[in-house]
Amino acid sequence: MNDWQRKSPVDWETYVNKMVKVAAIEKHEYEGWVLTVDPVSASIVLATFLENEKVSISVVLGHAVQEVEILKEGDDEMKQRLSYIFAPEESKAYSPEELEKRKNNLKTWLETNHIPVTEQGESGRTLCVAGVLTIDPPYGPEECSSSNEIILSRVQGLIQGYLEKQQ
């Protein structure tokens, strides 16, 4: 077991969101931003930004790591870019104003189509359809919840169609 593998997850966490140079066995070297370190295998997941906003992901296996040198600290903008690499497109952050607009537009559309809808919760952030289905922010099909699978499926389909027409 090498020195890198003997480190603890707390030690590895200090490398996350930093530009590093990894020296590996057989004189291989890798550079990139550390996304994460696997706590079981000590493997390092590196991201490198290419042109056209494309990202290259590399994994350096823990047993092959000989030395890790920090080249640069990540600023807040870089941390955010790294956090969005594996995030689904729909999960991008919405401002409170955008969420309120999305909620009101969906509620109006549902009411226009004679679907009973109310607002629930302390701040009225959750929409409730016919008392049997809820829709949480950011108000897409994935945020629908109901114990009735038939209603869930149909309302998700309606919302998907509505969102496709909006684009």
More than 12 heavy atoms of other groups within 6.0 Å of Arg125 CZ: no
Interatomic spacing from CD1 in Ile44 to OG in Ser58 - rounded to 0.5 Å: 11.0 Å
Any chain of hydrophobic side-chain contacts (each under 4.5 Å) joining Val22 to Leu61? no
Could you grab the distance from atom NZ of Lys54 to atom OG1 of Thr48, nearest 0.5 Å is fine? 15.0 Å
NZ on Lys103 to CG on Leu99, rounded to 0.5 Å: 9.5 Å
For Met78 and Asn17, run side chain to side chain contact (heavy atoms under 4.5 Å, CB included): C-alpha distance rounded to whole Å, both residues' side-chain angles, the deciding distance at 0.1 Å, then the answer. CA-CA 8 Å; Met78 182 53 69; Asn17 294 327; over 6 Å; no
Residues at least two apart in sequence or cross-chain that pass side-chain hydrogen bond (donor to acceptor under 3.5 Å, both in side chains) with Asn2, listed by chain then number, are none
Regarding Glu98 and Lys101, does a basic nitrogen lie under 4.0 Å from an acidic carboxylate oxygen? no
So how far is it from Thr118 OG1 to Leu110 CG, rounded to the nearest 0.5 Å? 11.0 Å
Taking ring-ring contact (aromatic ring centres under 6.0 Å, His included) as the test, write out the residues that go with Tyr15, two or more places apart. Trp4
Could you pull out the closest heavy-atom pair between Pro39 and Pro9, with the gap in Å? CB-CG, 4.3 Å
May I ask you to check whether over 12 heavy atoms, not counting those of Glu69, lie within 6.0 Å of atom CD? yes
Rounded to the nearest 0.5 Å, what separates atom CD1 in Ile135 from atom CG in Leu106? 5.0 Å
Across all chains, not counting sequence neighbours, the side-chain contact (heavy atoms from CB on, under 4.5 Å) partners of Ile57 are Leu35, Val45, Ala47, Val55, Ile85, Phe86
For the residue pair Pro137 and Glu143, establish whether any side-chain heavy-atom pair is separated by less than 4.5 Å. no
Can you name the nearest heavy-atom pair linking Ala24 to Val60, along with the distance? CB-CG1, 4.4 Å
Quick note, side-chain hydrogen bond (donor to acceptor under 3.5 Å, both in side chains) partners involving residues 105-115, not counting sequence neighbours, are Lys107-Glu119
Are Ile25 and Gln66 side-chain neighbours, meaning at least one heavy-atom pair lies under 4.5 Å? yes
Do any side-chain atoms of residues 144-166 form donor-acceptor pairs under 3.5 angstrom with protein atoms, and if so which ones, sequence neighbours left out?
residue: Ser146; atom: OG; partner: Val132; partner atom: O; Å: 2.7
residue: Ser146; atom: OG; partner: Asn148; partner atom: N; Å: 3.1
residue: Asn148; atom: OD1; partner: Ile150; partner atom: N; Å: 3.0
residue: Asn148; atom: OD1; partner: Ile151; partner atom: N; Å: 3.1
residue: Gln156; atom: NE2; partner: Pro141; partner atom: O; Å: 2.9
residue: Gln160; atom: NE2; partner: Glu164; partner atom: OE2; Å: 3.1

Under the salt bridge (charged side-chain N to carboxylate O under 4.0 Å, His left out) definition, can you give me all pairs with a residue in residues 16-42, not counting sequence neighbours? Lys18-Glu73
